[in-house]
S.K.: 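Structure provided below as structure tokens; questions to follow.
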Amino acid sequence: MEDNHDQLIKKTARIAPNSNVNHIYANMSDKHLYLDNDDSYIYGDADATTEDTIETMTVYDPDSERYEDIDLSSVDEVVNCYAYSRKTGEKLDQVALNDVSRALSNNGQFIWLGLYDPSLETMVKVKEAFDLHELAIEDAFADHQRAKVENYDNDMVFVVLRTAKLEDNIIRYGTTAIFMGKNYLITIRNGPSNSYAPVREHCHRRPEKLRMGPIFVLHAILDFIVDNYMPITDRLGRYLREQERYVFTYEFNKETLKNLYELKSQLVHMRAIILPVQDICSFFINHKKSELVSGFSQAAKPYFRDVNDHLLHSLDAINGLNEMLSVVMNTYMAMVNTGQNEVVRKLAAWAGILAVPTAIAGIYGMNFDFMPELHWKYSYFVIMVVIGSLCGYLYYNFKRLKWL
């Protein structure tokens, strides 16, 4: 990387060995904590429990802290850096960042390095140690980066994934950048995401799978991110069902329409986040031999097909909710229009009834001299009976037509 790194500079929280994790972000504003400031709101899930989640390699905890897996004994924002045996898949030893170059020279092992919101200085060390491409480094720091997969000439694959996490009933989006080579895998978490500690535990319990190399770790992370989309879509579905009780009413409520619109916005945003991941799965399922690192095991393909199935499940859920929401919004507007039409019919019916005495009173209020019935003794009573009869007849017919 060149000396001029201005375009990569971002503010990060440095973690000292004696840091108090609860106060790491105490003096930082939200714009430094989250990559995506266009947050979407979730309603109706304040009382959510663990039964509302799905189980993948671990139980998804919507209330978990996103930095609980940081090793307090480490520096330079390094969450973990371990070497694994290619022969047995067992974890060998923790590797210091300065010793990575020597560890990479051993073809009998591979390294898994995890970083969280790394600083520029740390990324310079990582770039030099692993010989990473500078353009990939830029993309790893880019805000609002679209999920994608790219391969480079130096036998490296670069993957960007968007993570979603519930925080105080708000969906916040982060980014995870993954560098995979023949004997290493680097994960860089930026912004909100769930801890990858369950992924490490899942992999450590399956050393026979780790014999595949870094590709299995990449699959495990991808699977974890994709599976954590489902609890969010489930909660959006529950919120939509909550709103349905306000739909079948004749009274127009701006708040109901606003909530439906915001839910629609969430679904559109969520679909835009998830859809590109399908291309990543397709890359690993249908790649050409020349497009991937030489260490890729063909036995890993079924695992990526499984991730793709989970992803399709989430996409189907979002598409279904999107269609259902369109139906709900159209139904709500139709019910409001129906209610307004009923009000108009009632007003028209009463106006028709009141037109009878108005017309008769208007005729006899013209003060003509030659109106013989004006001088008749029972004229008033007859006119009142006629008015009452006509009004009663109109009221009966309007009632029969359900206009009143």
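The first residue of the sequence shown is numbered 1, and numbering continues consecutively from there. When reading the values below, keep in mind they use all heavy atoms of this one structure, side chains included, and skip hydrogens, waters and symmetry mates.
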S.K.: Can you tell me if Arg211 uses its side chain to pair, donor with acceptor, with the backbone of Pro207 under 3.5 Å?
M.R.: no
S.K.: If we check side-chain contact (heavy atoms from CB on, under 4.5 Å) with Phe224, which of these qualifies: Leu222, Val226, Asn228?
M.R.: Asn228
S.K.: How far apart are the C-alpha atoms of Met384 and Phe381, what are their side-chain angles, what is the distance that settles it, and do they pass the side-chain contact (heavy atoms from CB on, under 4.5 Å) test?
M.R.: CA-CA 5 Å; Met384 294 304 295; Phe381 300 101; 5.8 Å; no
S.K.: Minimum heavy-atom separation for Val277 to Ala147, with atom names?
M.R.: CG2-CB, 4.2 Å
S.K.: Looking at CG of Asp131 and CG of Leu104, how far apart are the two atoms once the value is rounded to the nearest 0.5 Å?
M.R.: 10.0 Å
S.K.: Would you say the side-chain atoms of Asn319 pair up with the backbone N or O of Leu315, donor to acceptor, closer than 3.5 Å?
M.R.: yes
S.K.: Which residue pairs pass the salt bridge (charged side-chain N to carboxylate O under 4.0 Å, His left out) test when at least one of the two sits in residues 303-328, sequence neighbours left out?
M.R.: none
S.K.: Would you indicate whether the side-chain heavy atoms of Tyr116 and Asn190 approach each other to under 4.5 Å?
M.R.: no
S.K.: Main chain of Met333, side chain of Asn337: is a donor-acceptor contact present, judged purely on distance under 3.5 Å?
M.R.: yes
S.K.: What are the two closest heavy atoms between Gln109 and Asn183, and how far apart are they?
M.R.: O-CB, 3.7 Å
S.K.: Who passes side chain to side chain contact (heavy atoms under 4.5 Å, CB included) against Ser85, sequence neighbours left out?
M.R.: Lys87, Thr88, Leu92
S.K.: Walk me through whether Phe130 and Phe179 qualify under ring pair (Phe, Tyr, Trp, His ring centres under 6.0 Å).
M.R.: CA-CA 9 Å; Phe130 291 90; Phe179 299 85; 8.9 Å; no
S.K.: In terms of ring plane angle, is the pair Trp376 and Tyr378 parallel, tilted or perpendicular, where the classes change at 30° and 60°?
M.R.: perpendicular
S.K.: Please determine, by modelled atom types, if His204 and Arg200 share a side-chain donor-acceptor pair under 3.5 angstrom.
M.R.: no
S.K.: So which atom in Ser326 and which in Lys264 form the shortest heavy-atom distance, rounded to 0.1 Å?
M.R.: OG-NZ, 2.9 Å
S.K.: Between Thr358 and Leu354, is there a donor-acceptor pair closer than 3.5 Å when you use the side chain of the first and the backbone of the second?
M.R.: yes
S.K.: Determine, stepwise, if the pair Tyr173 / His269 fulfils ring pair (Phe, Tyr, Trp, His ring centres under 6.0 Å).
M.R.: CA-CA 10 Å; Tyr173 297 101; His269 196 181; 4.6 Å; yes
S.K.: If you round to the nearest 0.5 Å, how far is CG of Leu135 from CD of Glu150?
M.R.: 8.5 Å
S.K.: Can the positive tip of Lys91 be found less than 6.0 Å from the middle of the six-membered ring of Tyr82, inside 45° of the ring normal?
M.R.: yes
S.K.: What residues, two or more places apart in sequence or in another chain, satisfy side chain to side chain contact (heavy atoms under 4.5 Å, CB included) together with Thr331?
M.R.: Val247, Phe248, Val327, Met335
S.K.: Is there a side-chain contact (heavy atoms from CB on, under 4.5 Å) between Phe284 and His219 once you walk through the steps?
M.R.: CA-CA 10 Å; Phe284 289 103; His219 149 264; over 6 Å; no
S.K.: Going by salt bridge (Lys or Arg N to Asp or Glu O under 4.0 Å), name the residues that satisfy it together with Glu90, two or more places apart in sequence or in a different chain.
M.R.: none
S.K.: Of all residues at least two apart in sequence or in a different chain, which pass the side-chain hydrogen bond (donor to acceptor under 3.5 Å, both in side chains) check with Asn308?
M.R.: none
S.K.: Got more than 12 heavy atoms from elsewhere within 6.0 Å of CZ, Arg271?
M.R.: no
S.K.: For the residue pair Met180 and Phe158, establish whether any side-chain heavy-atom pair is separated by less than 4.5 Å.
M.R.: no
S.K.: Looking at Val385, is its backbone amide N or carbonyl O close enough to the side chain of Ser389 to form a donor-acceptor pair, meaning the two atoms are under 3.5 Å apart?
M.R.: yes
S.K.: Considering only heavy atoms from C-beta outward, does the side chain of Ile221 approach that of Tyr196 to under 4.5 Å?
M.R.: yes
S.K.: Is the shortest side-chain heavy-atom distance between Leu312 and Gln278 below 4.5 Å?
M.R.: yes
S.K.: Applying side-chain contact (heavy atoms from CB on, under 4.5 Å) between Val149 and each of Leu161, Val157, Val160, report the one that passes.
M.R.: Val157
S.K.: Answer yes or no: is there a side-chain heavy-atom contact under 4.5 Å between Leu257 and Tyr246?
M.R.: no
S.K.: If you define the side chain from C-beta out and look only at heavy atoms, does anything of Thr256 sit under 4.5 Å from Gln243?
M.R.: yes
S.K.: Could you walk me through whether Trp112 and Cys81 pass the side-chain contact (heavy atoms from CB on, under 4.5 Å) test, one step at a time?
M.R.: CA-CA 6 Å; Trp112 178 4; Cys81 186; over 6 Å; no
S.K.: For residues Tyr84 and Gly89, report the shortest heavy-atom separation together with the two atoms involved.
M.R.: CD2-O, 4.2 Å
S.K.: What are the two closest non-hydrogen atoms of Ala140 and Ile188, and how far apart are they?
M.R.: CB-CD1, 4.4 Å
S.K.: Roughly how far, to the nearest 0.5 Å, is the CE atom of Met156 from the CG atom of Asn151?
M.R.: 9.0 Å
S.K.: With a 4.5 Å cut-off on side-chain heavy atoms, are Ile383 and Ile360 touching?
M.R.: yes
S.K.: Kindly compute the distance separating CZ (Phe304) from CD1 (Ile285), expressed to the nearest 0.5 Å.
M.R.: 8.5 Å
S.K.: Could you tell me whether Glu262 and Lys258 have a side-chain N and a carboxylate O separated by less than 4.0 Å?
M.R.: yes
S.K.: With a 4.5 Å heavy-atom cut-off, do Leu113 and Val126 have their side chains touching?
M.R.: yes
S.K.: Under 3.5 Å, is there a donor-acceptor pair between the side chain of Asn322 and the main chain of Ile318?
M.R.: no
S.K.: Please step through side-chain contact (heavy atoms from CB on, under 4.5 Å) for the pair Ile274 and Leu311, ending with a clear verdict.
M.R.: CA-CA 8 Å; Ile274 294 178; Leu311 182 66; 3.1 Å; yes
S.K.: Show the atom names and distances, to 0.1 Å, of all donor-acceptor pairs under 3.5 Å that link a side chain in residues 390-404 to residues at least two apart or in another chain.
M.R.:
unit_1	atom_1	unit_2	atom_2	d
Asn397	OD1	Arg400	NH2	3.0
Asn397	ND2	Tyr393	O	2.7

S.K.: How long is the straight-line distance from CZ of Arg238 back to CG of Leu321, given to the nearest 0.5 Å?
M.R.: 11.0 Å
S.K.: Would you give the length of the straight line joining atom CE of Met324 to atom CG of Leu263, rounded to the nearest 0.5 angstrom?
M.R.: 11.5 Å
S.K.: Work out which heavy atom in His202 is nearest to a heavy atom in Ala220; give both atom names and the distance.
M.R.: CD2-CB, 4.5 Å
S.K.: Sort out for me which residue in Glu134, Lys148, His133 forms a side-chain contact (heavy atoms from CB on, under 4.5 Å) with Asp139.
M.R.: Lys148
